[in-house]
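Let me begin by presenting the structure, written as structure tokens, before commenting on it.
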Amino acid sequence: MIDVVVLFFLLGLLARLVKSDLALPGVLYETLSIYLLLAIGLKGGVELSKQSLDAVVPQMLFCLVLGLLIPLLLYPLLRRLVGLNGFDAASVAAHYGSVSVVTFAVASAYLTHRNIEFEAHAALWVALLEAPGIVAGIALARWYEKKQAGATGAKTGIAWGALAHDVFLGKSVFLLVGGLAIGTLMGESGTAPIAPLFTVLFKGVLALFLLELGLVAGGRLGELKRYGIKLIAFALLAPIGLAVLGALGGKALGLSTGGIAIMAALAASASYIAAPTAMRIAVPQANAALSITAALGITFPFNVLLGIPLYLMLAQYLS
């Protein structure tokens, strides 16, 4: 049975396809995103406070390595098979190396709906996967830029301080890590007074947020013709391959069936909040619309509608 929040995404998608004037206020969208990031962080932090450090360190290391590895794997594919230039390939690879918080929220809701347990501190994985892929993508772009400039002797550079501030202290990372820290510090008893706000209302807020993302994704469907079948194929097939990589890692870590499914969904997801902002600063030569169309216009709907159930089936098979 399909989860109710997915229907809200489809409703937003349909609204754009039939050219409805439905729109959510920009202020509401910002408020919903802040709520979701804090709620996910708080829940993960509360559960993290119950865990021993020895149990989570291997998972933390795997997330950091996975975030760095994904762009390195995707970059040559985007260059040779899709035919992108080095800047665009690095930017798209960075988006897929980072993670979608909303995909995590939908996957969590899907597993909960099916009464499948997973590691409750999984929000920690989300926080750790946000930045490494962006850093790797920027490094690839700098390598390509220096390679291009080598013959002319042109100097290349970037304001690394400003970039680090945006990557590590940007809204999404800051709120997620902040929620994790508060939840870990206060524990279940300390966060009990605000639990109704951040737990009972969570799914309703997620539904509204998915309605908005359906509107945004629907508005980008017309851009798919502009980028060609190769990019569309990449945005549909890459999540499957990355999900297998994440699932195998989850299996090696000894995660539960639900945990393997969550790790697969995170590996398969692509960022459309943190990565676009960081890459616009670090790699202004890249086509920003190209990356966001692939991540939000193709991969996100695929993961929400088809991918997450497939990743659960993969996790069940591996378990």
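Because the structure is a prediction, the values reported are computed rather than measured.
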Please say yes or no: joined through hydrophobic side-chain contacts below 4.5 Å, possibly via intermediate residues, are Tyr96 and Leu237 part of one cluster?
no
For the atom pair [atom1] ([X]) and [atom2] ([Y]), what is the distance rounded to the nearest 0.5 Å?
{"X": "Ile116", "Y": "Ser256", "atom1": "CD1", "atom2": "OG", "result": "9.5 Å"}
{"X": "Leu242", "Y": "Leu73", "atom1": "CG", "atom2": "CG", "result": "7.5 Å"}
{"X": "Leu128", "Y": "Glu130", "atom1": "CG", "atom2": "CD", "result": "10.0 Å"}
{"X": "Trp143", "Y": "Leu140", "atom1": "CH2", "atom2": "CG", "result": "8.0 Å"}

Mind listing the closest non-hydrogen atom pair of [X] and [Y] along with its distance?
{"X": "Leu22", "Y": "Ala15", "value": "CD2-CB, 4.0 Å"}
{"X": "Ala247", "Y": "Leu318", "value": "CB-CD1, 3.7 Å"}
{"X": "Gly258", "Y": "Leu111", "value": "O-CD1, 3.5 Å"}
{"X": "Asn303", "Y": "Pro239", "value": "OD1-CB, 4.0 Å"}
{"X": "Ala122", "Y": "Ile262", "value": "CB-CG2, 4.2 Å"}
{"X": "Leu74", "Y": "Ala93", "value": "CB-CB, 4.3 Å"}

Let's go through Lys230 and Leu78 carefully: what are the C-alpha distance in whole Å and the side-chain angles of both, what is the deciding distance for side-chain contact (heavy atoms from CB on, under 4.5 Å) to 0.1 Å, and is it a yes or a no?
CA-CA 9 Å; Lys230 289 183 179 180; Leu78 289 161; over 6 Å; no
All N/O donor-acceptor pairs, side-chain side in residues 83-90, below 3.5 Å, sequence neighbours left out:
from	atom 1	to	atom 2	distance (Å)
Asn85	OD1	Phe87	N	3.0
Asn85	OD1	Asp88	N	2.8
Asn85	ND2	Asp88	OD2	3.2
Asp88	OD1	Asn287	N	2.7

Residues two or more places apart in sequence or in another chain: which of them pass ring pair (Phe, Tyr, Trp, His ring centres under 6.0 Å) with [X]?
{"X": "Tyr311", "result": "none"}
{"X": "Phe300", "result": "Phe9, Tyr272"}
{"X": "Phe198", "result": "Tyr35"}
{"X": "Phe104", "result": "none"}

Pairs under 3.5 angstrom only: tabulate donor-acceptor contacts from the side chains of residues 55-71 to other protein residues two or more places apart or in another chain.
from	atom 1	to	atom 2	distance (Å)
Gln59	OE1	His121	NE2	2.8
Gln59	OE1	Trp125	NE1	3.0

Inter- and intrachain pairs under salt bridge (Lys or Arg N to Asp or Glu O under 4.0 Å), touching residues 242-268, at least two apart:
none
Decide side-chain contact (heavy atoms from CB on, under 4.5 Å) for Val92 and Phe234; before the verdict, give the C-alpha distance in whole Å, the side-chain angles of both, and the deciding distance to 0.1 Å.
CA-CA 11 Å; Val92 173; Phe234 168 83; 3.8 Å; yes
For Ile298 and Leu236: C-alpha separation, side-chain torsions, deciding distance, then whether side-chain contact (heavy atoms from CB on, under 4.5 Å) applies.
CA-CA 7 Å; Ile298 307 173; Leu236 291 173; 3.7 Å; yes
Any chance you could lay out the side-chain contact (heavy atoms from CB on, under 4.5 Å) test for Val304 and Val5, step after step, and finish with the verdict?
CA-CA 10 Å; Val304 169; Val5 296; over 6 Å; no
Could you check whether any side-chain heavy atom of [X] comes within less than 4.5 Å of a side-chain heavy atom of [Y], counting everything from C-beta outward?
{"X": "Met279", "Y": "Ser291", "value": "no"}
{"X": "Ile34", "Y": "Leu38", "value": "yes"}
{"X": "Ser100", "Y": "Ser271", "value": "no"}
{"X": "Ser269", "Y": "Thr299", "value": "no"}
{"X": "Ile194", "Y": "Leu42", "value": "yes"}
{"X": "Leu215", "Y": "Leu24", "value": "yes"}
{"X": "Leu266", "Y": "Thr103", "value": "no"}
{"X": "Ile260", "Y": "Leu248", "value": "no"}

Note: with side-chain heavy atoms under 4.5 Å as the link, the other cluster members for Leu14 come out as Val18
In the hydrophobic cluster built from side-chain contacts under 4.5 Å, what are the other members alongside Val46?
none
Looking only at atom types and distance, does a side-chain atom of [X] sit under 3.5 Å from a main-chain N or O of [Y], one as donor and one as acceptor?
{"X": "Thr31", "Y": "Val27", "answer": "yes"}
{"X": "Ser20", "Y": "Arg16", "answer": "no"}
{"X": "Thr293", "Y": "Leu290", "answer": "no"}

Please set out all donor-acceptor pairs under 3.5 angstrom arising from side-chain atoms of residues 199-214, sequence neighbours excluded.
from	atom 1	to	atom 2	distance (Å)
Thr199	OG1	Ala195	O	2.4
Lys203	NZ	Asp3	OD2	3.1

Give every donor-acceptor pair under 3.5 Å between a side-chain atom in residues 177-189 and any protein atom, sequence neighbours left out.
from	atom 1	to	atom 2	distance (Å)
Thr184	OG1	Gly45	O	3.3
Thr184	OG1	Leu180	O	2.7
Glu188	OE1	Lys50	NZ	3.3

Option among Lys147, Arg142, Gln148 that satisfies the side chain to side chain donor-acceptor pair (under 3.5 Å) test with Glu145
Arg142
Qualifying residues under salt bridge (Lys or Arg N to Asp or Glu O under 4.0 Å), relative to Glu117, sequence neighbours excluded:
none
